Undergrad: 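What follows is a structure written as structure tokens; I'll ask about it next.
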Amino acid sequence: MSRTPAIDPDCCIGCEVCTQVCPEVFSMQDSHNGHAHEKAVVHNPTGAPEAKIESAMDNCPSACIYWV
Ligand code: SF4
């Protein structure tokens with residue numbers, strides 16, 4: 001079983017970097033519960049090779065993306 005990525009929503013600043021680096025896995029989701037910013041979500045955990053997912057992790061300015 002391979003690792004899958006997850007995002008800490010409290011940490012995400014909505015910069016969209018992960019969705020640009022790896023759109024197969026990450027997408028932005030409107031927040032309707034009072035948060036000021038859009039948050040990134042994992043919409044397809046196995047949508048890209050681990051190396052590409054890891055590149056998104058490495059480029060996240062807040063280091064919110066982790067393996068589970
Ligand atoms: S790169 Fe990090 S801070 Fe930026 S949208 Fe993705 S999870 Fe959020």
Side-chain angles (χ1 to χ4, degrees):
M1 174 87 186
S2 59
R3 301 179 293 174
T4 57
I7 295 172
D8 177 353
D10 293 330
C11 163
C12 176
I13 59 171
C15 74
E16 302 188 18
V17 164
C18 57
T19 67
Q20 290 164 9
V21 171
C22 192
E24 300 90 338
V25 170
F26 303 102
S27 59
M28 301 307 293
Q29 180 168 275
D30 271 321
S31 166
H32 300 291
N33 56 0
H35 291 294
H37 300 288
E38 279 191 325
K39 302 282 182 182
V41 293
V42 176
H43 70 92
N44 184 4
T46 57
E50 284 195 7
K52 191 170 185 184
I53 296 171
E54 206 143 73
S55 176
M57 284 179 182
D58 292 345
N59 283 288
C60 174
S62 301
C64 308
I65 311 169
Y66 54 94
W67 291 112
V68 291

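Each ligand, and each atom within it, is numbered from 1 in the order the structure gives. These values consider heavy atoms only, across backbone and side chains, with no hydrogens, waters or symmetry-generated copies. Computed from a predicted structure; not experimentally measured.
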Undergrad: Quick one: closest heavy-atom pair of Ser55 and Val21, and the distance?
TA: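 Answer, listing the atom of Ser55 first, then Val21: OG-CG1, 3.7 Å.
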Undergrad: What do you reckon, Cys15 and Cys60 SGs under 2.5 Å?
TA: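 Looking at Cys60 and Cys15, their sulfur gamma atoms do not lie closer than 2.5 Å, so the answer is no.
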Undergrad: Other hydrophobic cluster members with Val42, side-chain heavy atoms of Ile/Leu/Val/Met/Phe/Trp/Tyr under 4.5 Å, chained?
TA: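 ILVMFWY cluster around Val42 also holds Ile7, Val25, Phe26, Ile53, Met57, Ile65, Trp67.
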Undergrad: To the nearest 0.5 Å, what is the distance between SG (Cys11) and NZ (Lys39)?
TA: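 It is 8.5 Å, given to the nearest 0.5 Å.
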Undergrad: Taking 2.8 Å as the upper limit, name the protein N, O or S atoms near atom 8 (Fe) of ligand 1.
TA: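 Hits for atom 8 (Fe) of ligand 1 below 2.8 Å: Cys12 SG.
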Undergrad: Any heavy-atom pair between the side chains of Pro5 and Pro45 that's under 4.5 Å?
TA: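 Counting from C-beta outward, Pro45 and Pro5 do come under 4.5 Å.
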Undergrad: Answer yes or no: is there a side-chain heavy-atom contact under 4.5 Å between His43 and Gln29?
TA: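 A side-chain contact is absent here, since even the closest heavy-atom pair is not under 4.5 Å.
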